[in-house]
Structure formats: C-alpha cells, structure tokens
Amino acid sequence: MRIRKPIPLACIALYAVLMTGCKKPQSTQRPNILLICVDDLRPELKSFGATHISSPNIDKLARNGVSFLEHFANAPSCGPSRYTLLTGQYGPAGNDALFLRAKKIEKGDQGINPSMPEWFRTHGYTTVSVGKVSHHPGGMGGADWNDSSIIEIPKAWDKHLMPVAEWEHPRGMMHGLAHGEIRVKASDMDVYQTVEGDDTIYPDGAITSEALKQLTALSADDQKPFFLAVGIIKPHLPFGAPKRYFDLYEGVDIPPIAHPQKPEGETTWHNSNEFRNYNLWGKDPNTDKAFADEVRRHYYACVSYADAQVGKVLAALKQTGADKNTIVVLWGDHGWHLGEHAIWGKHSLFEESLHSPMIIHYPGMDRKGSKTDAIVATIDIFPTLCDLTGVQTPAFAQGTSLKGLLEKPDAVGHQAIAYKADATTIRTATHRLTLHKDGFTELYEHTATGDETKNIANNHPELVEELTNAIKAKLQ
C-alpha cells in the first residue's frame with residue numbers, strides 16, 4: 001500500500017496565493033451614466049398619469065426608477081435649458097448660451113467652470129454624446145452645424161457624434177421629415193406628417209442606431225466607466241413619425257385642452273410663431289377643434305416614436321450586461337403647450353412650457369417604481385450624478401442633489417427657477433410667481449386648480465415680496 005506524503009503547509013499557502021492571483025479582480029469601477037434627453041417632451045405619459053398615451057418603454061423605466069412628477073426646466077427653450085443641464089449653473093436665456101460660454105473659453109477666460117461631461121471626464125469617465133444633447137445636434141456651429149472649428153462645449157466629450165444619413169448635415173436632421181426632407185423654408189414644410197416605413201425613415205432612427213453602436217463599444221471597456229448622453233429630437237417640430245405610431249391613436253379619446261383661452265393682461269403669452277411658421281394649410285388650432293386634435297395626435301405619435309427609441313437604447317444596455325452598473329436618467333428638456341393659454345409651443349413661463357418628465361434609476365436602489373411630487377429642477381441633475389457616482393460635487397454647481405429624494409420620495413423638494421430674456425419665474429409647492437423686467441408681476445396659486453389663469457399678485461403683496469427676494473437670491 002502506497003502512503004501519500006502530506007503536502008507542506010507552505011505549499012498550500014503558495015497555491016492559494018497563485019490561484020487568487022489568477023482570478024479576475026472584483027470590479028470597483030464607478031457606475032456608468034446613461035443620460036437620455038428628449039426634446040419638447042411634456043409630462044403627458046402613461047406612467048405620469050396620461051391614460052391616452054402609448055409610452056411602454058418610458059413606463060417600464062419608471063417602474064424601475066423614481067419618477068419626478070414635478071420636475072421643471074430652468075428655461076422654456078432648448079439652448080438655455082441644456083445650458084443648465086450641462087453646466088449645473090444658471091446662464092444666458094438665449095439658444096446660443098453654450099456657444100457664448102465657448103467663446104469665453106476661446107478668449108482665455110479663466111472664470112469658466114468645467115461642464116458636467118468635462119467634470120466626469122477629468123474624473124476618469126469616457127464621455128460620448130450622440131444626437132441632440134446640447135442645442136446643436138452634434139455640438140458644432142457653422143451654417144449647417146458641422147463646422148468642427150466651432151465647438152459648442154469645448155473639452156466636454158471624447159466623442160460628440162451626429163449621424164446625418166440622408167439628411168446631409170446636423171441642421172438638416174434637426175428639422176427633418178421622412179426620407180431626407182430638409183427644412184429650407186418653414187412655410188414650405190408641413191407642420192405634421194406621417195409616412196409608412198420603419199424607424200429609420202425619420203432622423204431619430206439614425207441617432208438611435210449610432211447610440212447602440214457606442215453603447216456596445218463603451219460597455220466592452222472594463223477599465224473606465226462611461227458617460228453616454230443620447231439626444232432624441234422628436235417630438236420637436238415638425239411632428240413627423242412613422243405611420244404605425246400615429247395609428248396607435250386611431251379611435252383613442254384624447255382629453256379636452258385645459259384653459260385654452262388667451263390670458264388677459266400682461267403675461268409671457270406669445271403668438272406661437274415657431275409653430276405658425278410651418279405650413280398649417282390655412283387652419284388655426286385655436287379656432288378649429290378638429291385641426292387642434294389632429295395636431296395633438298401627431299404630437300402624441302412623435303412621443304410614441306421617441307419612446308420606441310428609448311426602448312431600443314435600454315434594451316441594448318441590458319443586453320451588454322452594463323445595466324447592472326449604470327445610472328439611467330431620462331430627461332425632457334422643457335415642456336410644450338398643446339393649446340393651453342392659446343399657445344402652441346414653448347417659450348412662455350407658464351407651467352406647460354416648463355413642466356417636463358424626469359426619471360432616475362440607479363443600481364441597487366430601494367424605491368423602484370416610486371413617484372415623488374417634490375418640486376425639483378434640471379439644474380439638480382449635475383450634483384445628483386456626482387452624489388450617485390461618488391465623484392466630488394463641484395462647489396460651483398448651483399443645484400441640489402436629489403439622492404435624498406431617490407431614497408425617500410416623500411421628502412420635501414425645493415423651489416424651481418426659470419427665465420427668459422424679459423422675465424423670471426419661481427415655482428413653489430403652492431404658487432408660481434413671474435417677475436417681468438418692467439416690474440409687472442404675476443402670481444398664481446397651485447393648491448387648487450393650478451391652471452394659472454387668475455393673477456392674484458395684488459392680493460398677496462407679502463408673498464410677492466418673499467418670492468421676488470427668493471428669485472434674486474437664487475440668481476445672484
């Protein structure tokens with residue numbers, strides 16, 4: 001009988017060390033970030049209470065995250081709203097806000113703080129943007145928005161991509177309709193359109209395809225976390241989407257337009273010029289109910305088309321396996337009037353221009369499927385992402401981290417500021433105050449109807465003074 005000699009303890013220890021060394025080290029990588037920006041998206045989604053809307057993919061994200069039912073943009077226009085998102089600071093009121101910042105950087109202004117993507121890039125993230133994330137899709141200036149010498153957000157992105165497909169250039173994509181139709185003169189382009197075909201016959205199909213490629217490549221890198229921003233153009237004007245999305249609303253009862261009358265007195269009402277620049281076939285939705293409903297159904301078709309693109313991106317994220325370590329933020333850049341206050345568009349400081357959806361999901365969160373009524377703002381996204389990733393929150397960020405609300409959705413929010421060139425507004429849980437540069441004031445109560453049709457400023461001088469001071473303090 002053969003007797004086995006005992007293995008020395010030193011050999012066992014050495015073997016254990018060698019085997020441990022062969023194992024792939026446990027990842028301590030910070031969470032990835034997937035930021036999905038949707039243009040002109042109202043909070044009119046099924047998960048936000050609108051039963052007539054088909055938005056299954058965004059609704060699925062809502063079931064896995066926290067929905068901010070009272071999120072407000074800091075400006076009622078694409079450029080300045082995205083400025084607050086991407087810098088974490090209040091800024092100029094025009095669509096050229098980020099380009100003005102870029103010019104200061106070019107001149108060597110040392111007082112310009114890093115943008116949000118630049119901040120994450122300097123903290124070890126690979127940063128990639130696809131589609132309309134800043135005001136110009138692809139982030140460049142020039143006549144056709146493709147001049148690589150004019151960068152909208154310098155030092156922000158490792159890649160800032162805008163596939164143009166048959167639309168020739170980013171400017172063509174921005175207002176493109178089916179099969180490469182480019183807006184030359186708005187009055188020659190129909191305000192809405194629906195055409196048979198797959199998702200690629202409209203510009204967002206190309207944006208989504210590129211986003212999926214980038215997501216696959218970024219997910220394969222286990223050395224660095226990624227910050228991927230995807231900007232979906234629809235439901236921005238003109239309202240064009242493949243026919244199957246319009247067909248979703250055939251026979252669906254849509255609710256009547258709330259407070260459709262033009263407001264009396266001084267307000268930030270406007271004549272819907274962006275909308276009216278398009279071909280309306282001589283019709284006016286403020287006087288033609290059938291036409292108003294047709295416009296709304298085409299807007300809803302664009303929402304469902306955008307929702308489908310969100311679904312593709314989220315499905316690809318899950319397929320890569322990176323979803324287990326990725327924070328997802330879905331953000332609407334501002335609201336859009338569909339006839340409320342006799343406005344068709346954004347650019348006012350009424351609730352409809354500023355109110356937009358936001359949903360946040362992060363790995364391991366406890367409150368999946370929760371909704372919060374807390375007042376929050378776009379400017380809060382930068383510090384929130386810092387808080388959730390463990391990246392240092394910069395002192396210059398003017399928003400408030402929402403991590404506490406993600407953990408306790410019943411907690412109290414804060415006031416939300418927004419502005420145009422000639423007026424500023426503040427939204428609290430109970431009121432909205434709008435302060436015009438000429439000194440005129442609007443005050444609306446939000447605990448009852450919240451329809452912002454009765455100006456009660458003259459009846460509440462103390463509240464007007466309190467909220468005026470709050471505006472000044474925020475924007476100082």
Side-chain angles (χ1 to χ4, degrees), residues 30-39 74-75 78-92 94-142 145-163 170 174 207 210-211 214-215 217-218 221 224-233 326-327 329 331 333 378-386 388-389 391-399:
R30 281 179 165 144
N32 306 307
I33 297 169
L34 173 60
L35 171 64
I36 303 175
C37 309
V38 186
D39 211 334
N74 297 110
C78 302
S81 174
R82 289 162 194 265
Y83 183 103
T84 59
L85 168 76
L86 294 166
T87 67
Q89 297 182 300
Y90 302 110
N95 275 333
D96 61 347
L98 285 164
F99 281 111
L100 292 175
R101 175 182 175 274
K103 285 181 180 178
K104 291 180 180 179
I105 293 173
E106 187 179 355
K107 290 177 180 177
D109 190 330
Q110 300 299 311
I112 305 300
N113 296 304
S115 65
M116 177 169 66
E118 182 184 353
W119 185 258
F120 278 90
R121 192 180 181 194
T122 59
H123 284 81
Y125 278 73
T126 299
T127 60
V128 176
S129 168
V130 182
K132 186 179 177 181
V133 175
S134 51
H135 181 252
H136 280 197
M140 292 187 281
W145 305 358
N146 57 1
D147 187 337
S148 60
S149 69
I150 307 173
I151 302 300
E152 196 167 8
I153 319 178
K155 301 182 285 187
W157 307 104
D158 290 295
K159 294 180 183 178
H160 200 163
L161 306 171
M162 184 59 187
M174 181 61 229
I207 291 172
E210 183 60 44
Q214 295 303 317
L215 187 54
L218 290 166
D221 182 0
K224 292 178 69 177
F226 64 78
F227 186 131
L228 174 62
V230 180
I232 296 167
I233 294 172
T326 300
I327 299 162
V329 179
W331 170 75
D333 68 340
T378 292
I379 206 165
D380 301 326
I381 292 175
F382 189 172
T384 301
L385 290 177
C386 289
L388 293 177
T389 57
V391 168
Q392 177 188 353
T393 302
F396 61 77
Q398 293 177 293

TODO: Let me know which of N95, T87, D333 forms a side chain to side chain donor-acceptor pair (under 3.5 Å) with R82.
DONE: D333
Task: L35/L228 under side chain to side chain contact (heavy atoms under 4.5 Å, CB included): CA gap, chis, key distance, verdict - done: CA-CA 6 Å; L35 171 64; L228 174 62; over 6 Å; no
- [ ] Give the minimum heavy-atom separation between W157 and R121, together with the two atoms involved.
- [x] O-NH1, 3.8 Å
Open item on the list: Within the structure provided, determine whether R101 and I153 are in side-chain contact (heavy-atom separation under 4.5 Å).
Closed with: yes
Task: Residue list, salt bridge (Lys or Arg N to Asp or Glu O under 4.0 Å) with D147, at least two apart or on another chain - done: none
TODO: Before giving the answer on side chain to side chain contact (heavy atoms under 4.5 Å, CB included), spell out for F120 and F226 the whole-Å C-alpha distance, their side-chain angles and the decisive distance to 0.1 Å.
DONE: CA-CA 9 Å; F120 278 90; F226 64 78; over 6 Å; no
Open item on the list: What's the separation between atom CD1 in I327 and atom CG in L34, rounded to the nearest 0.5 Å?
Closed with: 10.5 Å
TODO: Check side chain to side chain contact (heavy atoms under 4.5 Å, CB included) between T393 and all other residues, then give those that pass, not counting sequence neighbours.
DONE: P383, C386
Task: Nearest heavy-atom neighbours spanning P117 and L86 - done: CD-O, 3.8 Å
TODO: State which residues pass ring pair (Phe, Tyr, Trp, His ring centres under 6.0 Å) with F99; sequence neighbours excluded, sorted by chain then number.
DONE: H136
Open item on the list: Run the side-chain hydrogen bond (donor to acceptor under 3.5 Å, both in side chains) test against W119 and tell me which residues pass, sequence neighbours left out.
Closed with: none
- [ ] Measure the shortest side-chain to side-chain distance between W331 and I381 over non-hydrogen atoms and say whether it is less than 4.5 angstrom.
- [x] yes
Task: Distance, nearest 0.5 Å, that separates CG of L100 from OH of Y83 - done: 9.0 Å
Donor-acceptor contacts under 3.5 Å from residues 125-134 side chains, at least two apart:
unit_1, atom_1, unit_2, atom_2, d
Y125, OH, P31, O, 2.6
T127, OG1, A156, O, 2.8
T127, OG1, D158, N, 3.1
T127, OG1, D158, OD2, 3.4
S129, OG, H160, NE2, 3.1
K132, NZ, D39, OD2, 2.6
S134, OG, E152, OE1, 2.8

- [ ] List the steps and the verdict of side chain to side chain contact (heavy atoms under 4.5 Å, CB included) for Q89 and F396.
- [x] CA-CA 8 Å; Q89 297 182 300; F396 61 77; 3.7 Å; yes
- [ ] Can you see which heavy atom on G79 is nearest to which on H135, and at what distance?
- [x] N-CD2, 3.5 Å
Open item on the list: Go through it in stages, so that I can follow the logic: the residues are V329 and L385, the test is side chain to side chain contact (heavy atoms under 4.5 Å, CB included), and I'd like the CA-CA distance, side-chain angles, deciding distance and then a yes or no.
Closed with: CA-CA 9 Å; V329 179; L385 290 177; 3.9 Å; yes
Mind listing the side-chain donor-acceptor pairs of residues 104-116 below 3.5 Å, one per line with the distance, residues two or more places apart or on another chain?
unit_1, atom_1, unit_2, atom_2, d
D109, OD1, G111, N, 2.8
Q110, NE2, G108, O, 3.0
S115, OG, E118, N, 3.2

TODO: Mark yes or no for whether N74, through its side chain, and S81, through its backbone, hold a donor-acceptor pair below 3.5 Å.
DONE: no
Open item on the list: Please give me the minimum heavy-atom distance between C37 and L85, naming the atom from each residue.
Closed with: SG-CD2, 4.1 Å
Open item on the list: Taking NZ in K224 as the centre, count heavy atoms belonging to other residues, nucleotides or ligands within less than 6.0 Å. Is the count above 12?
Closed with: yes
Task: Side chain to side chain, I33 and T326, heavy atoms closer than 4.5 Å - done: no
